[in-house]
Amino acid sequence: MTFHHEVNSQQQEAIRTVEGPVMVVAGPGSGKTRVLTFRIAYLIQIGVPAYQILALTFTNKAASEMRNRIVGLVGEKSRQLWMGTFHSILARILRVEGKSLGYDSNFSIYDTADTLGVIKQIMHESGISAQQYNPQAIRSRISSAKNQFLLPEEFARRAVDLFEEKSARIYSEYEKRLRGNNALDFDDLLIKPIDLFHHHKSILQKYQDRFRFILIDEYQDTNHAQYVLIKLLADRYRNICVVGDDAQSIYAFRGADIRNILDFQHDYPDAKVIRLEQNYRSTKTILAAADQVIKHNVDQLSKNLWTENSDGDKITLLVCQDDRDEGATIVSRIYRESLNRKLDLKDFAVMYRTNAQSRALEDAFMQQSVRYVIVGGVRFYERKEIKDVMAYLRLLVNPHDDESFLRIINVPGRGLGNVAVQRVRSFAAHHSIPLVQACRRAEEITTLLPKAKKGLRLLADLLDKYSHMMKEMSASEVSRAFVDEIGILRLFKEEGTPESMARWENVQELLTAITEFCIQQPEATLAAFLQDQALLSDTDQWDDKHNAVTLMTLHSAKGLEFPVVFIAGLEEGLLPFSNSSQLDAKQLEEERRLYYVGLTRAMQKLYLSYARVRFRFSELSYQSPSRFIDEIDQELLESTGQALQAASTERWSFPAVQSRHRKKITDSDAQYHTDVAPDYDHDQDELKPGTMVVHEIFGRGKVLQVTGSGDALKAVVEFSSAGKKNLLLKYARLRLL
DNA sequence: ATTAGGCGATTTTTT
DNA sequence: ATCGCCTAAT
């Protein structure tokens, strides 16, 4: 293998230092992926069997791309490499070893929505009001308790307030249910293997022995549980190589612990530390800007990034009137740049802090007919029809999965309402049997209406029939026949609306995915498919073969690069994000790292943009430009105000805003983006009876009456097309005429 | 007594 | 767009 002339000396060292602990501190664009790829290829080349190598990556997509490259370098024997995300590798281990913990290998994996459903049910049953205690908050409290290895009893003992006491009660029941359902949540996938290794030393030894060489990418984003796992696994051979960049740690909110990377040398005093500081990705301008920004973080290892690339163009700040203007401006810039730089649409990415921002951008792309793809947002596997079909399939492989059963018990409609469902559940609880079994014995539930009994009977028969067929047919064949017989495809066809046809296609797409999975891995089970799907990330599903502009959150952008990058919504409160006024130093630093990740995705040209006025939570909000803009030297920046004037004349805007800010907009940029947002408050004095407004859907209308205040501000509007409507202004997106 | 359908509330980032 | 709550329909 001849990689010698393709890598610099630090990279070379990182590739060849294969024994003992190694930490590679890799700045953005420093060829980290290339180092990991070559390092693994090198290991295989010097005779290490591929199955003795464990490589943990941040996305499955990264894993499969890397695997293919390695196969290209050293051949098919490298296929046996263990490579994937923490979660998918551990799911694989649990499929084999779960028995020792009392889990069947067909376990279901519950995503955040599934777990929230379980929590809501428990709350409902134990009479804890969802109004009083936010189920989301409880869910995340339970999750963090689990990640600290706190069992329900211990957590209950430590509860300091009523909220924690309630959480503890729910937590305890939650654990029972998941176990009863033969289901694991995302946290369990990390925690259960730790339990397993603690209680079964022989199993631990088996895996320690198998994984003689361990590599971990994006180490700065590992959490405590992942840290413990790695320590356990690497304990025997200590051939551990971690690659990361503390400046790119952006998952503290989910428990990622930056100390894992900062303390690596403490854990492994003999660790060799290799720094990759030459950047091959970005222009000098972009790199300098990123460096200036990250220097504002106190709690940061300092690095000396440099590049031989050219200076490149200045960073352009797009000053926009509102969120629609921002979208329109970005799209027209993309159009211009693609001609000037002879770039394809796929060379552009627009990044933002929150998924909600994608909507205004999307509108602009549609209006100007520029192809785009959104990463994340409303994900494929979060669509109702997909979740329904997945629930059916999960139930087929794991009949204990009550959560999935409840999802589909009345899909398609079987004339079962809430009351009927409750009866089935109490019957099941009384007999301590899974809901599927209760369903099979529907005749015994005397209080059920004949219609309900019949529906349940049919459902039970259907499930029985296909679970028998599972034994003889391939996963793909069974799924197709099963989904067909469920009848939802037929329903979509009958409805015939564009929406239901889209749903029909989505289900077909899912079936195709199953078929492909079966072709690729003939040995694989339906359970494995379902488990894999549950662990797919947004970027895993991103298809970069389309020639289209990519829209994504800054979080999803991690690890990617694009010739031209736009970072939208650089406003205080949005980036850096804060939902209240306080933003503590730690949070601010994480926001800054997120911004840094965004900046360093750009190769040739970087755009920043902000809007003076934006619909946030579907409410007008006026925020000042982000402090992050000021953290870049003026010399590296150029700013445009013209774009905004051109765009704002074409559309309705807010009279009050225009009169107040038109002048400032033409002022010098320096003054402009450092000034403070006006304490202007949109409300009654703007919107009063008689005002003419425009609604996105209903069109033109006249305000008849205004009531309420704050979030509850409402208006009665008479539309010429739709008549009188009572609108909650928080959501109505009214524009003044 | 039950169910189905209308209407209002809901959006930080994610494996 | 989807979920939960309320009310009208059966």
Side-chain angles (χ1 to χ4, degrees), chain A residues 56-60 84-91 109-113 115-117 120 124 130-131 134-136 140 143 147 184-190 218 221-223 225-226 250-256 351-359 375-379 382-385 387 407 410 413-423 447-449 451-452 499 502-503 532-540 552-558 569 573-580 583 587 590-591 593-595 597-598 615-619 711-712 714 725-728 730-732:
Chain A
L56 297 161
T57 57
F58 202 71
T59 65
N60 291 300
T85 62
F86 269 93
H87 289 84
S88 53
I89 293 286
L90 294 170
I109 296 175
Y110 284 1
D111 66 15
T112 313
T115 58
L116 195 62
K120 281 182 181 165
H124 190 75
Q131 255 74 30
N134 180 356
Q136 300 258 21
S140 75
S143 171
N147 276 301
L184 298 166
D185 64 19
F186 287 145
D187 301 322
D188 289 332
L189 290 173
L190 304 176
E218 309 283 7
D221 284 319
T222 50
N223 65 22
Q226 288 166 330
I250 54 173
Y251 283 101
F253 74 93
R254 162 179 116 178
M351 300 170 189
Y352 37 79
R353 178 65 234 266
T354 67
N355 280 310
Q357 287 166 260
S358 69
R359 203 176 134 184
V375 175
V378 186
R379 284 157 271 210
E382 270 172 31
R383 289 183 207 161
K384 190 180 176 305
E385 65 277 15
K387 294 209 80 165
R407 200 183 160 89
N410 201 32
R414 301 187 170 82
L416 291 156
N418 220 338
V419 178
V421 174
Q422 288 310 321
R423 295 211 168 118
T447 44
L448 281 180
L449 294 168
K451 195 174 106 185
E499 290 83 23
R503 285 165 190 260
D532 276 10
Q533 294 309 309
L535 299 174
L536 280 188
S537 69
D538 289 336
T539 30
D540 289 333
M552 61 170 93
T553 62
L554 288 162
H555 281 91
S556 316
K558 188 165 87 157
L574 196 54
L575 182 62
F577 185 91
S578 64
N579 44 8
S580 50
L583 179 70
Q587 287 171 344
E590 176 144 321
E591 294 292 313
R593 290 192 295 269
L594 188 56
Y595 179 46
V597 166
F615 277 102
R616 224 185 132 195
F617 306 125
S618 301
E619 174 181 59
D711 282 359
K714 282 183 179 175
K725 294 275 170 191
N726 195 352
L727 301 167
L728 194 60
K730 194 176 169 197
Y731 295 106

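Note on naming: letters A, B, ... go to the chains in the order of the sequence lines (proteins, then strands), and numbering restarts at 1 for each one.
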Please tabulate, one pair per line, each protein N/O and nucleotide N/O from nucleotides 3-6 of chain B that are separated by under 3.5 Å, including the distance.
{"from": "dT3(B)", "atom 1": "OP1", "to": "G417(A)", "atom 2": "N", "distance (Å)": "3.1"}
{"from": "dT3(B)", "atom 1": "OP2", "to": "V419(A)", "atom 2": "N", "distance (Å)": "3.4"}
{"from": "dT3(B)", "atom 1": "O5'", "to": "G417(A)", "atom 2": "N", "distance (Å)": "3.4"}

Any residue meeting ring pair (Phe, Tyr, Trp, His ring centres under 6.0 Å) with Y251(A), in chain and number order, not counting sequence neighbours:
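Expected list: F58(A), F253(A), H555(A).
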Does T112(A) reach a base, just sugar-phosphate, or nothing at all? Heavy atoms under 4.0 Å.
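Answer is base: heavy atoms of T112(A) come under 4.0 Å of a base.
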Would you indicate what Y251(A) reaches in the nucleic acid, counting non-hydrogen atoms under 4.0 angstrom: base, sugar-phosphate, or nothing?
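Since only primed, P, OP1 and OP2 atoms lie under 4.0 Å of Y251(A), the category is sugar-phosphate.
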Between K558(A) and M552(A), is any pair of side-chain heavy atoms under 4.5 Å apart?
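With C-beta onward as the side chain, the pair stays apart.
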Would you call L574(A) and Q357(A) a side-chain contact if the rule is heavy atoms closer than 4.5 Å?
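Answer yes - side chains close enough.
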Interatomic distance, [X] [atom1] vs [N] [atom2] [rounded to whole Å]:
X: L574(A); N: dT13(B); atom1: CG; atom2: C1'; value: 12 Å
X: I109(A); N: dT14(B); atom1: CD1; atom2: C1'; value: 15 Å
X: Q357(A); N: dT13(B); atom1: CD; atom2: C1'; value: 11 Å
X: N355(A); N: dA1(C); atom1: CG; atom2: P; value: 15 Å
X: F186(A); N: dT15(B); atom1: CZ; atom2: P; value: 7 Å
X: F577(A); N: dT12(B); atom1: CZ; atom2: P; value: 6 Å
X: N134(A); N: dA9(B); atom1: CG; atom2: C1'; value: 13 Å
X: Q136(A); N: dT13(B); atom1: CD; atom2: C1'; value: 13 Å

Only counting residues at least two apart or in another chain, list the ones meeting side chain to side chain donor-acceptor pair (under 3.5 Å) with D185(A).
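Here the qualifying residues are K146(A), Y174(A).
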I want to verify a distance call: between dT2(C), dT11(B), dT14(B), whose nearest atom is closest to the A356(A) side chain?
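In terms of side-chain proximity for A356(A), the closest of dT2(C), dT11(B), dT14(B) is dT11(B).
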How would you list, by chain and number, every residue that makes a side-chain contact (heavy atoms from CB on, under 4.5 Å) with [X], sequence neighbours excluded?
X: T539(A); result: T59(A), V375(A), S537(A), S556(A), L560(A)
X: V421(A); result: L406(A), I409(A), R425(A)
X: T85(A); result: N60(A), H87(A), S88(A)

Any side-chain N or O of [X] less than 4.0 Å from the OP1 or OP2 oxygen of [N]?
X: R423(A); N: dA1(B); result: no
X: K120(A); N: dG4(C); result: yes
X: S556(A); N: dT13(B); result: no

